[in-house]
Amino acid sequence: MRAILFSGCLMLTSLLLAVPAQAEVTANIGWVSQYIFRGAPQLDRGSFSAGLDYEKDGWFVGTWAADVGDGAEVDLYGGYGWELDNGWSFSLGGYGYY
């Protein structure tokens with residue numbers, strides 16, 4: 001499962017490297033000693049996680065995934081965000097947990 005998760009993130013990263021310079025691509029990778037979801041420990045061992053985000057002209061899309069023992073938790077999100085002249089910012093989007 002970790003190999004599939006890592007391969008998927010690597011593939012997405014390589015696809016997004018060809019994006020024009022006006023877009024912003026960020027990535028993250030992490031490890032926690034104990035993964036807890038809503039107060040319940042998910043693993044007796046550590047958990048690996050990784051994420052990839054893309055933003056251009058206010059539009060954004062991203063994913064985050066973690067090894068949770070019996071499989072992977074994969075989160076996907078996307079939307080549009082904007083900022084007003086007075087400093088207020090807003091966004092409208094959707095989120096999926098798989």
Side-chain angles (χ1 to χ4, degrees):
M1 180 50 75
R2 287 183 185 189
I4 293 170
L5 181 64
F6 182 74
S7 298
C9 287
L10 187 61
M11 185 183 312
L12 284 173
T13 302
S14 65
L15 289 173
L16 291 175
L17 288 177
V19 173
Q22 304 93 307
E24 181 176 337
V25 177
T26 58
N28 62 75
I29 190 169
W31 181 82
V32 294
S33 59
Q34 187 174 29
Y35 185 82
I36 298 175
F37 178 72
R38 295 185 180 167
Q42 301 296 303
L43 295 171
D44 293 333
R45 57 177 173 76
S47 176
F48 169 78
S49 65
L52 188 62
D53 308 296
Y54 171 79
E55 186 274 326
K56 181 177 180 188
D57 298 328
W59 293 97
F60 58 89
V61 65
T63 185
W64 182 84
D67 170 24
V68 292
D70 292 338
E73 170 190 338
V74 179
D75 304 339
L76 303 171
Y77 70 89
Y80 182 78
W82 64 97
E83 187 172 335
L84 302 177
D85 292 335
N86 63 7
W88 284 80
S89 62
F90 300 91
S91 65
L92 182 62
Y95 189 87
Y97 167 80
Y98 308 96

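Quick note: residue numbers are just sequence positions, from 1. All values reported here derive from a predicted model rather than from experimental measurement.
Separation of atoms CG (Asp57) and CD (Glu55) is listed at 7.5 Å; rounding is to 0.5 Å. The CD atom of Glu83 sits 12.0 Å away from the CH2 atom of Trp88 when rounded to the nearest 0.5 Å. In this structure, OG1 in Thr63 is found 8.5 Å from OH in Tyr77, a value given to the nearest 0.5 Å.
When ring centroids are compared, Tyr80 and Trp59 come within the 6.0 Å threshold.
Two different hydrophobic clusters hold Leu92 and Phe60 under the rule that ILVMFWY side chains link at heavy-atom gaps under 4.5 Å.
At least one donor-acceptor pair under 3.5 Å links the side chain of Asn28 to the backbone N or O of Gly51. Here the side chain of Ser49 pairs no donor or acceptor atom with the backbone of Ala65 at under 3.5 angstrom. For the pair Ser47 (side chain) and Asp67 (backbone), a donor-acceptor distance under 3.5 Å is present.
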Margin query: Set out, in order, the CA-CA distance, both residues' side-chain angles and the distance that settles side chain to side chain contact (heavy atoms under 4.5 Å, CB included) for Trp82 and Leu84, then state yes or no.
Written below: CA-CA 7 Å; Trp82 64 97; Leu84 302 177; 4.2 Å; yes
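In Asn86, the CG atom is crowded: over 12 heavy atoms of neighbouring residues, nucleotides or ligands sit closer than 6.0 Å.
For the pair Trp64 and Asp53, the minimum side-chain heavy-atom distance is 4.5 Å or more.
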